[in-house]
Amino acid sequence: MSTKKTSGGFPLIVSALAIVICLGLGVFIYKAILGAPSNFEGGGHASASGHRTPINILGTMYMGGFIVPILIGFLLTVITFAIERFITIMKASGKGNTDKFVSKIKTLISNHDFEGALAECDRQGGSLANVVHEGILKYRFVENDSHMDKEQKVEAITKSIEEATSLELPMLSKNMVVISTMASIGTLAGLIGTVVGMITAFSALSAAGAPDTSALATGISEALVNTLVGILTSALAIIFYNYFSNRIDQITYAMDEAGFSIVKEFQSTGK
């Protein structure tokens with residue numbers, strides 16, 4: 001069985017640490033940037049009612065409450081893992097265009113130029129090239145094995161390609177669950193923040209004893225900041241997840257296409 005595979009992606013412990021760091025950065029941004037005195041009237045001093053009045057969007061986001069730093073942490077987590085997946089999948093694709101690589105490999109194999117195909121795999125690099133490389137090595141190994149019949153040889157080549165593919169696929173989909181989870185909980189966390197903010201706004205209005213539509217509108221707008229950041233986080237996560245899923249499907253299809261070409265060539269011309 002092949003042990004060669006493309007390395008890449010955060011290990012489990014690094015992934016957990018990255019999420020914690022992103023949440024910590026969310027708290028820092030919330031306190032140091034959104035909560036800066038320059039974002040509020042009077043340099044951030046509270047009014048007689050204990051309320052700070054924001055003068056820009058940053059101050060308004062700060063008034064969204066304790067869910068805002070968590071949502072910023074989620075947003076940073078999505079961006080961090082999107083960059084990690086982009087680099088990993090780019091490495092897995094190899095140096096050149098995958099469609100051109102598969103086409104070239106099919107031509108070289110049909111011409112029985114195995115040395116050229118192996119050299120092309122070394123030039124391309126990545127997960128797809130690793131799978132093709134293992135398939136060609138097994139092809140050459142079983143070709144001259146007089147102890148196996150043709151059916152056993154075809155089975156051995158197919159198994160070798162499947163084993164190489166099984167080594168590469170987990171690396172491609174690793175950490176995708178983090179992005180998909182952020183897509184699910186981003187909006188939910190935003191809605192929780194909005195509901196908490198509106199409960200606070202209505203409670204303050206009730207305690208005041210007199211209708212104050214201006215204060216109520218301000219409280220609702222601050223609460224809706226949570227929904228805005230939550231939806232933004234989920235939307236980005238969904239876009240990245242679908243993009244990376246599509247790229248993984250393309251690489252997997254290219255592996256299957258190249259592997260099928262190797263097996264078919266042996267069935268047609270192998271001994």
Between Thr187 (side chain) and Ala183 (backbone), is there a donor-acceptor pair under 3.5 Å? no
Atom pair CG/CD1 of Leu236 and Ile79 - distance to nearest 0.5 Å: 6.5 Å
State whether the number of non-hydrogen atoms from other residues, nucleotides or ligands found under 6.0 Å of Glu155 atom CD is greater than 12. no
Would you say the side-chain atoms of Glu120 pair up with the backbone N or O of Phe101, donor to acceptor, closer than 3.5 Å? no
Is the shortest side-chain heavy-atom distance between Ile29 and Leu76 below 4.5 Å? yes
Does Ile13 share a hydrophobic cluster with Val178, counting links as ILVMFWY side-chain heavy atoms below 4.5 Å and allowing steps through other members? yes
Check for a donor-acceptor pair, side chain of Glu134 on one end and backbone N or O of Val131 on the other, with a separation under 3.5 Å. no
Backbone N or O of Ile157 within a donor-acceptor pair of the Ser160 side chain at under 3.5 Å? no
Which atom of Ala223 lies closest to which atom of Thr194, heavy atoms considered: O-OG1, 2.9 Å
Run the side-chain contact (heavy atoms from CB on, under 4.5 Å) test on Leu191 and Asn226 for me, step by step, so that the C-alpha distance in whole Å, both residues' side-chain angles and the decisive distance to 0.1 Å come before the verdict. CA-CA 7 Å; Leu191 288 175; Asn226 292 282; over 6 Å; no
List the atom of Ile262, the atom of Gly135, and the distance in Å for their closest heavy-atom pair. CG2-O, 4.0 Å
Verify, without hydrogens or angle tests, whether Ser110 (side chain) and Thr107 (backbone) share a donor-acceptor contact under 3.5 angstrom. yes
Taking every non-hydrogen atom, the tightest pair across Gly59 and Asn56: N-OD1, 2.9 Å
Hey, are the side chains of Ser180 and Val177 touching, using non-hydrogen atoms and a 4.5 Å cut-off? yes
Any salt bridge between Arg140 and Glu115, counting N to O under 4.0 Å? yes
Test item: Val68 and Leu34 side chains (from C-beta on) under 4.5 Å apart, heavy atoms: yes
Which atom pair, heavy atoms only, marks the closest approach of Met182 to Ala237? C-CB, 4.2 Å
Tell me if a side-chain donor or acceptor on Arg123 pairs with a main-chain N or O of Leu118 at a distance below 3.5 Å. no
Distance, nearest 0.5 Å, that separates CZ of Phe40 from CE of Met63: 6.0 Å
Over 60° means perpendicular and under 30° means parallel, so tell me whether His112 and Phe114 are parallel, tilted or perpendicular. tilted
Show your reasoning for whether side-chain contact (heavy atoms from CB on, under 4.5 Å) applies to Thr77 and Phe81. CA-CA 6 Å; Thr77 300; Phe81 280 87; 3.7 Å; yes
Checking the side chain of Ser261 only, and the main-chain atoms of Lys106 only, is there a donor and an acceptor separated by less than 3.5 Å? no
Check whether any side-chain N or O of Asn246 sits under 3.5 Å from a backbone N or O of Tyr243 as a donor-acceptor pair, and report yes or no. no
Test log, rule side-chain contact (heavy atoms from CB on, under 4.5 Å), inputs Phe74 and Ile70: CA-CA 6 Å; Phe74 287 170; Ile70 298 174; 3.6 Å; yes
Taking Met61 as the starting point, is it possible to reach Ile55 by hopping between hydrophobic residues whose side chains are less than 4.5 Å apart? no
Mind listing the closest non-hydrogen atom pair of Gly125 and Ala129 along with its distance? O-CB, 3.4 Å
Determine yes or no for a side-chain-to-main-chain donor-acceptor pair under 3.5 angstrom, with Asn39 supplying the side chain and Pro54 the backbone. no
Heavy-atom pair of closest approach, residues Ile136 and Cys121: CD1-SG, 4.5 Å
Using 30° and 60° as the class boundaries, would you call the ring planes of Tyr30 and Tyr62 parallel, tilted or perpendicular? parallel
Please check: side-chain N/O of Ser103 versus main-chain N/O of Asp99, any donor-acceptor pairing under 3.5 Å? no
Flag yes if Met176 and Tyr253 sit in one hydrophobic cluster, no otherwise; membership is Ile, Leu, Val, Met, Phe, Trp, Tyr, and two members link when side-chain heavy atoms are under 4.5 Å apart. no
What's the spacing between Leu172 CG and Ile89 CD1 if we round to 0.5 Å? 6.5 Å
Identify whether Val20 and Leu75 are in the same connected component of the hydrophobic contact network (ILVMFWY, side-chain heavy atoms under 4.5 Å). no
